[in-house]
*Asks:* 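One structure follows; several queries about it will come next.
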There are 2 protein chains.
Amino acid sequence: MSKRPTEASAPPPRYRQVADALRAAIDDGRLADNEALPSERELTEQHQVSRDTIRKAVRLLEDHGLVYSDHGRGTFVAPALVRRMSRYIDGFSEDTRQRGGLPTQRILNLEFSPATMAIAQLLQLESGHPLTRVRRVRLTNGVPVGLHDAYFPLPPGVKLELQEVERARSLYQLLMERAGFAPVEAVENLFAASADAEEARLLGVPEGAPLLVCERITLSDRREPIEYCLMKYVSSYRYSARITQSSRLA
Amino acid sequence: MSKRPTEASAPPPRYRQVADALRAAIDDGRLADNEALPSERELTEQHQVSRDTIRKAVRLLEDHGLVYSDHGRGTFVAPALVRRMSRYIDGFSEDTRQRGGLPTQRILNLEFSPATMAIAQLLQLESGHPLTRVRRVRLTNGVPVGLHDAYFPLPPGVKLELQEVERARSLYQLLMERAGFAPVEAVENLFAASADAEEARLLGVPEGAPLLVCERITLSDRREPIEYCLMKYVSSYRYSARITQSSRLA
DNA sequence: GAGTGGTCTAGACCACGTC
DNA sequence: ACGTGGTCTAGACCACTCT
């Protein structure tokens, strides 16, 4: 038992509630781009919480690029250009929806194969360790935009069936339920490459067409690599990022 | 007067000092990958500051991907794979050095031209507004890896000379001194494209070779766009990113 | 149960920007 | 001078993990 697996559970902390309230005010336009938020001391009274709690809420919004604070001036709503930028794990479906597209997928292939030296090293396994490999075409509004090629180990005794992968709305969600897959962080490398014959055929582009390649290593809560994924996107696909000052540690 | 423009200035806040001390311990190996840091209460005694200050230090390191905290377990050193990932403004010189390369540049062209509609819109200026444009080749260890094409308005009366641009160690630094240029944030869009004849010649690749294109809009502290930069990289160039769970606001 | 990080408070003072 | 965000404290209690 211990904790309910579904529904209800605990209420979010106060600072999250405050953050949600502010986000709602931004989303529905009660606070315009670059408009100042109420001061922290005002928010303290409005929400009847301590200033520190208010600051945590604001910091959360700031981390997500929704507001920015300037010492001595105030806290302001980030312009939409910045607010739209965000990139989180399992981005494709989310990203696509956010841009107003309908994300779908077509499973090409589900196979079980031993790890090559290269992949074994990345996943910190011995070469030859059994892996599951899923190849998919990602589509936006029915048009192919990317190829995903994912490799991951499954716990002993767990086997995926093609049917369930095809039925699942999200591969990650399926892996979470079936294998305790719990990604919390990932590192990515991006570069450009040319489409080979097969890639060209699957994506509906000429052979040699430029592709955006994104290699991803997904990490568990213990920061152990649990998946390697190679993604290739046609040139119309956009990968968005927001970068900030280092406010350097050194 | 008001504040000294050079040297000395104020000491960093306590939490920064603590963060620096911890970072140093990680950098020189006193704390290994995935090793637990001392608990927050221990750090409180070691550094003679309140727990909140310790938490701020740890949070800073966490934001930069150097450590990760797990509720009820402790705080741990992030594996090197994650620690190495970081992307901040004016990344090229810094990135390249960090990967052990020697970054240089060759200025192709410094010109003054009116904004096109497309660029005017991005920079929130009226079409035709006078802009400065700097085209450069970026090299790593003497080998061309990227083309940068930057557009930005200068304050009335300020003019850049080709000589000073060539002499400067960093374009951003020069713009900071000469024009009060103060970037604090940027948004980027990445995609793939093919090299045209001129790009191929400048980068030393065949025409049609795949390039990683990165469009960047740089923002001031007031979140006003102050620069548009179009960057194109050869396929050996790697753009690195670290992505995290959304810990979603909704 | 013991130890960890996570939330929260009520105050104080400092640094900065604006008028 | 005044209002803003930034730093800091000393305590309290909660939630989680491990054994």
Side-chain angles (χ1 to χ4, degrees), chain A residues 1-5 8-20 22 34-63 67-78 180 182 184 220-223 245 247, chain B residues 1-5 8-20 22 34-63 67-78 180 182 184 220-223 245 247:
Chain A
M1 288 267 151
S2 73
K3 89 176 168 189
R4 308 249 212 79
S9 67
R14 309 293 307 269
Y15 77 90
R16 268 285 274 282
Q17 300 177 28
V18 174
D20 286 347
L22 289 170
N34 290 306
E35 183 177 341
L37 270 59
S39 78
E40 295 178 351
R41 283 147 180 103
E42 280 180 71
L43 289 172
T44 286
E45 294 187 358
Q46 287 178 24
H47 292 89
Q48 289 295 304
V49 295
S50 75
R51 189 174 159 219
D52 214 61
T53 299
I54 294 294
R55 282 184 60 74
K56 253 164 137 168
V58 172
R59 173 82 189 268
L60 183 62
L61 295 173
E62 196 171 13
D63 287 348
V67 307
Y68 60 96
S69 295
D70 267 10
H71 195 168
R73 288 210 312 133
T75 300
F76 307 87
V77 177
V184 301
S220 72
D221 58 350
R222 307 287 171 103
R223 267 55 175 185
Q245 264 186 148
S247 68
Chain B
M1 283 268 152
S2 71
K3 90 176 167 189
R4 310 249 211 79
S9 68
R14 309 294 307 269
Y15 76 90
R16 270 286 275 283
Q17 299 177 29
V18 174
D20 286 348
L22 288 170
N34 290 307
E35 183 177 340
L37 271 61
S39 78
E40 295 178 351
R41 284 148 179 103
E42 281 180 71
L43 289 171
T44 286
E45 294 189 358
Q46 287 177 24
H47 292 89
Q48 289 296 304
V49 295
S50 75
R51 190 175 156 216
D52 214 59
T53 298
I54 294 294
R55 281 183 62 73
K56 254 164 137 169
V58 172
R59 172 82 189 267
L60 184 63
L61 295 173
E62 197 170 11
D63 287 348
V67 306
Y68 59 97
S69 294
D70 267 11
H71 195 168
R73 290 209 311 133
T75 299
F76 307 87
V77 177
V184 300
S220 72
D221 57 349
R222 307 288 172 103
R223 268 55 174 184
Q245 265 186 147
S247 67

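Throughout, protein chains are lettered first and strands after them, A, B, ... in sequence-line order, and every chain is numbered starting at 1. Worth saying up front: this structure is predicted, and the values here are computed from it rather than measured.
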*Asks:* Is the phosphate of C/dG5, meaning OP1 or OP2, less than 4.0 Å from a side-chain N or O of B/S69?
*Replies:* no
*Asks:* I need the CG-C1' distance between A/D70 and D/dG3, as an integer number of Å.
*Replies:* 15 Å
*Asks:* DNA chain C: A/K56 or B/E42, which has the more 5' nearest nucleotide?
*Replies:*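 With A/K56 and B/E42 compared, the 5'-side residue is B/E42.
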*Asks:* Which residues pass the ring pair (Phe, Tyr, Trp, His ring centres under 6.0 Å) test with B/Y15, sequence neighbours left out?
*Replies:* none
*Asks:* Show the numbers, then the answer: is there a side chain to side chain contact (heavy atoms under 4.5 Å, CB included) between A/L60 and A/R16?
*Replies:* CA-CA 8 Å; A/L60 183 62; A/R16 268 285 274 282; 3.6 Å; yes
*Asks:* Who pairs with B/T44 by side chain to side chain donor-acceptor pair (under 3.5 Å), at least two apart in sequence or on another chain?
*Replies:* none
*Asks:* Could you tell me which residues satisfy salt bridge (Lys or Arg N to Asp or Glu O under 4.0 Å) with A/R59, sequence neighbours excluded, listed by chain and number?
*Replies:* A/D63, B/D63
*Asks:* Any side-chain heavy atom of B/Y68 sitting closer than 4.5 Å to one from A/R223?
*Replies:*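 In short, these two side chains touch, coming nearer than 4.5 Å.
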*Asks:* More 5' along DNA chain D: B/R41 or B/Y15, using each one's nearest nucleotide?
*Replies:*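 By nearest-heavy-atom nucleotide position, the 5'-most residue is B/Y15.
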*Asks:* Set out, in order, the CA-CA distance, both residues' side-chain angles and the distance that settles side chain to side chain contact (heavy atoms under 4.5 Å, CB included) for A/V18 and A/I54, then state yes or no.
*Replies:* CA-CA 7 Å; A/V18 174; A/I54 294 294; 4.0 Å; yes
*Asks:* Can you run down the salt bridge (charged side-chain N to carboxylate O under 4.0 Å, His left out) pairs that involve residues 42-51 of chain B, sequence neighbours left out, and say none if there aren't any?
*Replies:*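 Residue pairs with at least one partner in residues 42-51 of chain B: B/E40-B/R51.
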*Asks:* Would you say the base of C/dG6 stacks on B/H71 (centre-to-centre below 5.5 Å, plane angle below 30°)?
*Replies:* no
*Asks:* Angle, rounded to 10°, between the helical axes spanning five pairs at each terminus of the helix from C/dG1-D/dC18 to C/dT18-D/dA1?
*Replies:* 20°
*Asks:* If I take atom CD in residue A/E62 and atom C1' in nucleotide D/dT4, what distance separates them, rounded to the nearest angstrom?
*Replies:*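 Computing the A/E62:CD to D/dT4:C1' distance gives 14 Å.
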*Asks:* Starting from C1' on C/dG3, measure out to CG on B/L37 and report it in whole angstrom.
*Replies:*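 Between C1' of C/dG3 and CG of B/L37: 16 Å.
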*Asks:* Rounded to the nearest angstrom, tell me the gap between atom CZ in B/R16 and atom C1' in C/dA15.
*Replies:*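 Rounding to the nearest Å, CZ of B/R16 and C1' of C/dA15 are 15 Å apart.
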*Asks:* To the nearest Å, give me how far apart CZ (A/R59) and C1' (C/dT7) are.
*Replies:* 15 Å
*Asks:* What residues form a side-chain contact (heavy atoms from CB on, under 4.5 Å) with A/S69, not counting sequence neighbours?
*Replies:* A/V58, A/E62, A/T75
*Asks:* For a quick check of understanding: with a heavy-atom distance under 4.0 Å over all strands, which category does A/R55 fall into, base, sugar-phosphate or nothing?
*Replies:* base
*Asks:* Check the distance between C/dG6's P and B/R73's CZ and give it to me in whole angstrom.
*Replies:* 12 Å
*Asks:* Return the set of residues passing side chain to side chain donor-acceptor pair (under 3.5 Å) with B/R73 (not counting sequence neighbours), or none when no residue passes.
*Replies:*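 Scan of B/R73 (side chain to side chain donor-acceptor pair (under 3.5 Å), adjacent residues dropped) gives B/D70.
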*Asks:* Of all residues at least two apart in sequence or in a different chain, which pass the side chain to side chain donor-acceptor pair (under 3.5 Å) check with A/S50?
*Replies:* A/T53
*Asks:* Calculate the interatomic distance between B/E40 atom CD and D/dC13 atom P; express it in whole Å.
*Replies:* 19 Å
*Asks:* Would you say B/T75 places a side-chain N or O within less than 4.0 Å of OP1 or OP2 belonging to C/dT4?
*Replies:* no
*Asks:* Without decimals, in angstroms, what is the distance between A/I54 CD1 and D/dG6 C1'?
*Replies:*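 Rounding to the nearest Å, CD1 of A/I54 and C1' of D/dG6 are 16 Å apart.
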*Asks:* Are A/S39 and D/dG3 close enough that a side-chain N or O sits under 4.0 Å from OP1 or OP2?
*Replies:*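 The answer is no; no side-chain N or O of A/S39 sits under 4.0 Å from OP1 or OP2.
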*Asks:* Listed in order of residue number, which residues of residues 43-52 of chain B have a non-hydrogen atom at under 4.0 Å from DNA chain D?
*Replies:* B/V49, B/S50, B/R51, B/D52
